[in-house]
Amino acid sequence: MTLRKIEPSAIIPITEYGPLRAERRRRMSEIKKDRRLEVGPFATFYFESYDTMLHQVHEMLFIEKGGAEQLPDELAAYNPLIPQGSELVATVMFEIDDPVRRARVLGMLGGIEHKAFLRVGADTIRAVAEEDQERTRDDGKASSVQFMRFPFTATQVEAFRGGAGDVIVGFDHPNYGHMAVMPPAVRQALSRDFA
């Protein structure tokens, strides 16, 4: 299998990206709506793809204006989040507006990066946390942003694509035991990540 990654040649020069930005952002918003799933009161799974990561790299380059010197860092940060054919990859965000409440809730969610799962039929696929940095501090406070991959077997991929039964996304953390059924539109969009 060929490694899926963003090559420098895929990057539109910033002077060309600017005029295209509004339309590209609108199109990405349409793509992303079928790649997100809320689980419980605070967590949202944003399932990543080549397209979402390519968009993110363009946005970072446009906003930070670091040019060619910035590009290697952005590719190093975002290429690992592109699913590689037998997995789903998610950015999981714990979104709590009030800073005091956010600190309290995150303080109770240490280790949550090891407590996420997808259930396809009778199979449970545990999240594997990205190890680029520690996602739970020594004091037990979880990061509000988590990066997780869900490695599938060939049989699990077929079950996911087949559409029978529900796909459940959830956490079995003692302080955040929430689950959600993946809507058919999300399941269909994510099925394209397997190749």
Just how far is it from atom CZ of Phe152 to atom CD of Glu158, taken to the nearest 0.5 Å? 11.5 Å
Arg4/Asp193 under salt bridge (Lys or Arg N to Asp or Glu O under 4.0 Å): CA gap, chis, key distance, verdict: CA-CA 11 Å; Arg4 293 181 188 174; Asp193 292 351; 5.6 Å; no
Ignoring hydrogens and geometry, is there a side-chain-to-backbone donor-acceptor pair from Ser29 to Arg25 under 3.5 Å? no
Given 3.5 Å as the limit, does a donor-acceptor pair link the side chain of Arg35 with the main chain of Leu190, or not? no
Run the side chain to side chain contact (heavy atoms under 4.5 Å, CB included) test on Leu109 and His173 for me, step by step, so that the C-alpha distance in whole Å, both residues' side-chain angles and the decisive distance to 0.1 Å come before the verdict. CA-CA 8 Å; Leu109 295 182; His173 190 282; 4.1 Å; yes
Taking the cut-offs as 6.0 angstrom to the six-membered ring centre and 45 degrees off its axis, would you call Arg102 and Phe94 a cation-pi pair? no
Would Leu106 and Met108 show up in the same hydrophobic cluster when neighbours are defined by side-chain heavy atoms closer than 4.5 Å? no
Is the charged tip of Lys115 near the ring of Phe117: under 6.0 Å from the six-membered ring centre and within 45° of its axis? no
As a test of understanding, state which of His58, Glu59, Glu16 forms a side-chain hydrogen bond (donor to acceptor under 3.5 Å, both in side chains) with Arg21. Glu59
Just do the side chain to side chain contact (heavy atoms under 4.5 Å, CB included) check on Arg101 and Phe42 with the steps written out, would you? CA-CA 11 Å; Arg101 187 175 192 202; Phe42 306 125; 3.6 Å; yes
Run the side chain to side chain contact (heavy atoms under 4.5 Å, CB included) test on Arg24 and Ile12 for me, step by step, so that the C-alpha distance in whole Å, both residues' side-chain angles and the decisive distance to 0.1 Å come before the verdict. CA-CA 12 Å; Arg24 288 178 70 100; Ile12 299 168; 3.3 Å; yes
Short N-O contact, Asp51 and Arg192, less than 4.0 angstrom: no
Indicate yes or no: does Glu30 engage Arg27 in a salt bridge with an N to O separation below 4.0 Å. no
Worked check of side chain to side chain contact (heavy atoms under 4.5 Å, CB included) between Val57 and Leu71: CA-CA 8 Å; Val57 170; Leu71 181 58; 4.0 Å; yes
Output the distance between atom CG (Leu81) and atom CE (Met148), rounded to the nearest 0.5 Å. 12.5 Å
